[in-house]
Amino acid sequence: MRIGVLALQGAFREHMMTFEALGATSVAVRLPEQLNDVSGLVIPGGESTAISKLMRTYGFYDAIRQQHGAGMAVWGTCAGAILMARTILDALPDQEPLGVMDIDVRRNAYGRQIDSFEADLDFRGLSDGTFRGVFIRAPWIERTGEGVDVLAEHEGRVVAARQRTLLVTTFHPELTGDPRVHRFFLDEVVGA
Ligand code: GLN
């Protein structure tokens with residue numbers, strides 16, 4: 001199974017290293033054609049405004065929508081989760097979402113005061129204990145549609161959710177050294 005990691009900007013290397021540690025093959029995706037031979041795609045954390053500009057330049061919007069329609073699973077972490085939303089709240093003026101997942105996500109939701117923090121999360125779908133959430137200028141998920149399952153909440157806000165072959169986490173599992181969410185994506189979301 002090959003997993004693509006969108007490698008335009010942000011924390012893509014850390015995702016690739018975590019997949020490699022699990023024995024899965026990952027490829028750094030820099031051109032839309034590369035999506036033809038992956039079963040899943042990770043859109044990493046970083047700066048969603050920069051990633052969206054580069055996605056537009058290289059023609060990723062249509063390619064990701066099309067490949068997802070043809071069965072490719074997609075997991076967005078942090079900036080990636082913002083980009084997967086139907087609506088981005090507090091988006092920059094010309095920042096276009098992919099709109100593949102029936103959620104609304106608010107950018108930089110925690111504001112400046114507590115823009116980065118860590119918290120133990122009850123992540124539904126992981127049987128063995130809590131998961132350490134690393135939040136960096138994180139968004140939160142403000143609305144979830146009918147087909148969306150909430151997987152984790154923090155202080156009343158949704159921070160992880162899943163809609164069939166789509167997964168979003170507003171925190172950074174690739175920065176913890178704990179591969180359980182990557183395992184969950186491979187086992188439960190890709191090929192669901
Ligand atoms: N605040 C960033 C954005 O709007 C996301 C931060 C992150 O991915 N760690 O893109």
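First listed ligand is number 1; within each ligand, the first listed atom is number 1. Note that these values count all heavy atoms, side chains included, but never hydrogens, waters or copies made by symmetry. Please read all numbers here as calculations on a predicted model, not as lab measurements.
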Closest approach of any protein heavy atom to [atom], naming residue and atom:
| atom | answer |
| --- | --- |
| atom 10 (O) of ligand 1 | Ser48 N, 2.4 Å |
| atom 5 (C) of ligand 1 | Gly46 O, 3.4 Å |
| atom 4 (O) of ligand 1 | Arg107 NE, 2.8 Å |
| atom 7 (C) of ligand 1 | Cys78 SG, 2.7 Å |
| atom 1 (N) of ligand 1 | Asn108 OD1, 2.5 Å |

With a cut-off of 4.0 Å, which atoms of ligand 1 are near a heavy atom of Gly45?
8 (O)

N/O to N/O below 3.5 Å, does that happen between Ile82 and ligand 1?
no

Candidate pair Ser52 and Glu96, rule side-chain hydrogen bond (donor to acceptor under 3.5 Å, both in side chains), full reasoning
CA-CA 7 Å; Ser52 62; Glu96 186 195 345; over 6 Å; no

Geometric class of the [Y]/[X] ring pair [parallel <30°, tilted 30-60°, perpendicular >60°]:
| X | Y | result |
| --- | --- | --- |
| Trp75 | His15 | perpendicular |
| Phe135 | Tyr110 | perpendicular |
| Phe19 | Phe185 | tilted |

Verify, without hydrogens or angle tests, whether Arg132 (side chain) and Asp178 (backbone) share a donor-acceptor contact under 3.5 angstrom.
no

Would you say the side-chain atoms of His154 and Thr170 include a donor-acceptor pair closer than 3.5 Å?
no

